[in-house]
Amino acid sequence: MKRFQEHFDEEFIRIASKALGMPESKITGMIKRRVLQRISRFLPEYYRFEKGISGVEPGTTLFNLVSDIEIVKGFPKIHRAMVLEPTIQAHFKGLPLVAIEEKMNGYNVRVVKIQDQVLALTRGGLVCPYTTEKATERIGLEFFRDHPDLVLCGEMVGPDNPYVPKDIYPEVESIAFYVFDIREKDTGRPITLEKKNELCERYGIKTVRHFGNYPVDAVARIVADLIRELGAAGHEGVVIKDPEMNLPALKYTCSESTNSDLQYAFQFYNDYGRDFFFSRVVREGFQSVEWDEDGDALHERSCRLGESILKPMVETIRKRKRGERITENVRIRVSNIKTAQQFEEHLRILGIDAQFGEPLYVDGEYLVEIKKLNQSTNDRTDALLNGQFW
Ligand code: ATP
Ligand code: MG
């Protein structure tokens, strides 16, 4: 076998070391350990932090430009409140007002301008060709010509979503981008919510719903009411924020959304991490106690949870028993057929085994069905059905 020779770009390491305030040896070490990964198929080439390290968020991307680099910080983790009242009180203590925004359910995207291109980065810091096409068409360069140092952080939602397909917003026919934060590219520091909303309005960019700013003491009760309404409508939940964005945000989600995640993921029970399932079951426990459920309400919640876990799994086992393959079916809609080819390559980089169907030309766009093969669930189910031990 040919020995793989890692190529180190001395110039990049030198500039990155200065920009990140880290010794060059540390950068080299991270590249060797593949914490910092070089993506050279893309122009301009870039490096991304697959994991976070001291002071650098995971998903941070470093674009390697001629004798310069541009840093786009990763999007920070949002902490989850398991119970509303005490968590909101403790976390936002001393603030005059707290903002409640809708938590939209899609995938996290950061849109930036690098040189003269609008690029869309997914959570892990990779440029997604599909999302980039959408962001270029829907947002364009206007905002970035005036604000080249800002990042639009938002959620891509809609049925033509190749990562987590969800058809829960009737106003979104294909896929749409809703901004929730605007941050500085190189520091990741957010601007205030008021400035964010004002800027987005000025440039005609959609934002997530803002339900208002309320005194800390009132927030838990308002969120509890809102959550029931959002849940009934199939929406995901809320994110509670300091309007000045000095404190980190908190998230809280609806039981209906938790159940719909479980229903989806249990079809592929061996492909999703165990923590995905466990944390969702625990959420249901805490919500039930905070909402003081007993008798019928608790019975109903228990049945709903049980069905969300068992029914999709039973269906998967039955399908496999009949010899059917377990696949996750998603679709994309592209204006340029080249985008679909680049997206196929992108999924390969992510290690996802996917089959792309024949493109269907509809109203000036190509609709492409994608079947992602959930190898682990297929194999495990076969093995167990054939008498192997758990
Ligand atoms: P984490 O942020 O904790 O790593 P995760 O990737 O599991 O979480 P979620 O549980 O969906 O994601 O919650 C956080 C995500 O919610 C954000 O990364 C963002 O993509 C999304 N989001 C949707 N609406 C908002 C909003 N209004 N404000 C902030 N984030 C939002
Ligand atoms: Mg999400």
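Ligands are counted one by one from 1 in listed order, and the atoms in each one are counted from 1 as well.
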Check your understanding: Do Glu315 and Arg318 sit within salt-bridge range, that is, some charged N less than 4.0 Å from a carboxylate O?
Key -> no
Check your understanding: Does a salt bridge link Lys103 with Glu236, judged by any charged N lying under 4.0 Å from a carboxylate O?
Key -> yes
Revision key, fill the gap. side-chain hydrogen bond (donor to acceptor under 3.5 Å, both in side chains) pairs touching residues 190-201, sequence neighbours excluded, are Glu101-Lys196
Review point. Taking any residue with a non-hydrogen atom under 4.0 angstrom from an atom of ligand 1, which ones do you get?
Key: Phe75, Lys77, Ile78, Arg80, Glu101, Glu102, Lys103, Met104, Asn108, Arg123, Glu155, Phe180, Val208, Val239, Lys241, Lys251
Practice item. Begin with the C-alpha distance, continue with both residues' side-chain angles, and end with the deciding distance and a verdict on salt bridge (Lys or Arg N to Asp or Glu O under 4.0 Å) for Asp149 and Lys185. Key: CA-CA 6 Å; Asp149 300 330; Lys185 240 188 210 165; 5.0 Å; no
Practice item. Considering only NZ, NE, NH1 and NH2 on the basic side and carboxylate oxygens on the acidic side, decide whether Lys241 and Asp181 come within less than 4.0 Å. Key: yes
Review point. Is it the case that Arg280 places NZ or CZ above or below the six-membered ring of Phe276, under 6.0 angstrom from the centre and within 45 degrees of the axis?
Key: yes
